[in-house]
Asker: 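Got a structure here, written out as structure tokens. Questions coming.
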Number of protein chains: 2
Amino acid sequence: MTLKQLEAFYWSAILGSFALAAERLFMTQSALSKRIQELELEIGVPLFDRSGPRARITDAGENILSRAEQLLSLRDEIVVAARGPSGLRGTCRFGVSELMAMRYLPSIVAAIRRDYPEVILEPRVAVTKELLEDVEKGETEFAIAPGRSLDPAVISEQICEVPLLWVASPGLFHEDRPVTAEELQHHPIISMSEKAGSTMQLLDLSARRGLRFRRVLTTNSPEAVAVATIAGLGVALLGGPFVERYLTEGKLVRLAVEDRLQVPDLAYCIHWRAENSRVLARKLREISRDICLAGR
Amino acid sequence: MTLKQLEAFYWSAILGSFALAAERLFMTQSALSKRIQELELEIGVPLFDRSGPRARITDAGENILSRAEQLLSLRDEIVVAARGPSGLRGTCRFGVSELMAMRYLPSIVAAIRRDYPEVILEPRVAVTKELLEDVEKGETEFAIAPGRSLDPAVISEQICEVPLLWVASPGLFHEDRPVTAEELQHHPIISMSEKAGSTMQLLDLSARRGLRFRRVLTTNSPEAVAVATIAGLGVALLGGPFVERYLTEGKLVRLAVEDRLQVPDLAYCIHWRAENSRVLARKLREISRDICLAGR
DNA sequence: TGGCTTTACGGTTTTCGTAATCATT
DNA sequence: AATGATTACGAAAACCGTAAAGCCA
């Protein structure tokens, strides 16, 4: 039995596919397949059922999964324990939504650099859904993004709440009373892709209230949305911090809207796979959480 | 990092020497040395201090020792968990004193055969001191022998007590009163080697009381001692069960002795290295203990 | 057919033991 | 001198990737 075999088994079990596991471990399917066969030969029991379209873990495999995971995390701990606390090395991929990146990524990176100078960081800034999918697939160790994952294997711990504001160019609405849904529907909605947290809230709202919005300008940059809104292209639903500056400068105004247009605050969470017990991942996740909770 | 490297590290640390570890792992010093060097290169910290006459573990090495041990025992557990409870395989070396072997070894072997048919047993029957040394050096997983180990890393759990009896041929002593030390010293003492439990008690007695016994017939077979005693060659101090049969047959008589010749009962224990957490070793040790405690 | 897994094969890398060398008592 | 650890080197084994072949939807 070797650590490589156990690692191959572990990721094949977690990702539910040899192909994905091979990709994650930077090797070919062929090599990974053989590793797992050798492990099965070693312990004398099949760990995966190959009869279906993809490899499915067997009962025997389930029985050893948690132990394999413990064993692999002990391997990481050994390195840390030997080198001392600041000797943590390795690479950590994690995801951050654009808003959180804007606010906290510099602090997070600085703190990690200070405590663990040897660690190589691979942060990824993307939209909510992509970040969550990466965590679910084990591509990233954790992600800071709004909402909850539907995958029960993913733990989401709330960090903060961010209000979503309806904003528009100052000239667009003149009445003092709250804007109604009908009035809003006359204008194009400027939003990001359907995988962005704010857009998901928007779609949710339109589904619940039976509204139809005309969305324009496909982009994944909230800044581009803000700029387009300033230009008077339409109205937008954006996270407070993105528009704060423009509101104080008077380039955008916040729209008061009727109750049925109210959107709940975005609950930002830190998400990670429950069974992930890599020391490096846990430490960096905790640092990131603390920084977000402390508000810098 | 590989399991082989960790195993090499573990045994080098436990046995305090590369040479012994290499012997235990059935490989050459050269190969083991290189394995450990590779492990050190991997984690970036020296695990052993080679400046002395033999390799001494460093602080960094101490820090990871327990984790390495946990990791290695997880490896064993994985096999067991995958194969199911009776799928335990592997080889187990253990030591048994001759008396305990006579009484319990058949039952122990039968019970293990029944519960773990795949396990290969390598029992060793020897005298007390050899058995304890084997446990201390990690040569055997556990031993059933009288007395306690002086090594603090060895745990000894008492199983039973066996009386040591002074015996002689019926013709040797005629008086009804207890035999005195002076009378006893006139006869040769038939005993086993100094590494045997009963002989150790004998030597302890002679040291404490300032007696000088004339020991003859060097052997490690209690049966040979009994036979020689029956032949009238001298007196012997033997474990009760060895002489029971001869006493009832009248071939030997138990000598009543004065107080200063009284020898305490031999406390038989099961001994094992505290840090040994091999699943196989633990299970078989527990089976053996239960059989001894139940008296078959 | 197309995604996923296994088999076959070769070339590279790793690993190990022998033998020689170094270091410490 | 003797024990224990390291280095050098050649042989054997393990490992990996490419390419081809099976296998199930």
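If you're wondering where the values come from, they're calculated on a predicted model, not measured in any experiment.
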Asker: Any luck finding a side-chain donor-acceptor pair between A/T58 and A/D49 under 3.5 Å?
Answerer: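 Side chains of A/T58 and A/D49: no pair found under 3.5 Å.
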Asker: Rounded to the nearest Å, what distance is computed from the CZ atom of residue A/F18 to the P atom of nucleotide D/dC24?
Answerer: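 Interatomic distance, CZ of A/F18 to P of D/dC24: 15 Å.
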Asker: For a quick check under 3.5 Å, do A/S149 and A/H271 share a side-chain donor-acceptor pair by atom type?
Answerer: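 No, no side-chain donor-acceptor contact under 3.5 Å.
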Asker: Quick one: do A/E7 and A/R75 make a salt bridge, cutoff under 4.0 Å?
Answerer: yes
Asker: Report for the helix from C/dT1-D/dA25 to C/dT25-D/dA1: angle between first-end and last-end helix axes, five pairs each, rounded to 10 degrees.
Answerer: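 That helix gives 30° between its end axes.
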Asker: In chain order, what residues pass the side-chain contact (heavy atoms from CB on, under 4.5 Å) check against B/R24, with sequence neighbours excluded?
Answerer: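 Partners of B/R24 by the side-chain contact (heavy atoms from CB on, under 4.5 Å) criterion, ordered by chain and then number, come out as B/W11, B/L15, B/R93.
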Asker: Who pairs with A/Y10 by ring pair (Phe, Tyr, Trp, His ring centres under 6.0 Å), at least two apart in sequence or on another chain?
Answerer: none
Asker: Between A/E118 and A/R83 (salt bridge meaning N to carboxylate O under 4.0 Å), is one present in this structure?
Answerer: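 Answer for the salt bridge query: no.
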Asker: State whether A/Q29 places a side-chain N or O below 4.0 Å from either non-bridging phosphate oxygen (OP1 or OP2) of C/dG3.
Answerer: no
Asker: Name the pairs: protein N/O against N/O of nucleotides 14-20 of chain C, kept only if under 3.5 Å.
Answerer:
{"unit_1": "C/dC16", "atom_1": "OP1", "unit_2": "B/R35", "atom_2": "NH2", "d": "2.1"}
{"unit_1": "C/dC16", "atom_1": "OP2", "unit_2": "B/R35", "atom_2": "NE", "d": "3.3"}
{"unit_1": "C/dG17", "atom_1": "OP2", "unit_2": "B/T28", "atom_2": "N", "d": "3.3"}
{"unit_1": "C/dG17", "atom_1": "OP2", "unit_2": "B/T28", "atom_2": "OG1", "d": "3.1"}
{"unit_1": "C/dT18", "atom_1": "O4", "unit_2": "B/S30", "atom_2": "OG", "d": "3.1"}

Asker: Where along residues 42-64 of chain A does a heavy atom come under 4.0 Å from DNA chain D, residue by residue in number order?
Answerer: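 By residue number: A/S51, A/P53.
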Asker: Does A/R124 pair with A/E130 as a salt bridge, N-O distance under 4.0 Å?
Answerer: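 Looking at A/E130 together with A/R124, the answer is yes, because their closest N to O distance falls below 4.0 Å.
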Asker: Which residue pairs pass the salt bridge (charged side-chain N to carboxylate O under 4.0 Å, His left out) test with at least one member in residues 29-39 of chain B, sequence neighbours excluded?
Answerer: none
Asker: Between D/dT7 atom P and B/L41 atom CG, what is the distance in whole Å?
Answerer: 12 Å
Asker: Would you say the side-chain atoms of B/R278 and B/S73 include a donor-acceptor pair closer than 3.5 Å?
Answerer: no
Asker: For A/I36 and C/dC4, give me the distance from atom CD1 to atom P, rounded to whole Å.
Answerer: 15 Å
Asker: Rounded off to whole Å, could you give me the CD-to-C1' distance for the A/E7 and D/dC15 pair?
Answerer: 15 Å
Asker: Do we see a donor-acceptor contact under 3.5 Å between the side chains of B/R54 and B/S17?
Answerer: no
Asker: Any salt bridge linking B/E194 with B/R215? Criterion: basic side-chain nitrogen under 4.0 Å from a carboxylate oxygen.
Answerer: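 Looking at B/R215 together with B/E194, the answer is yes, because their closest N to O distance falls below 4.0 Å.
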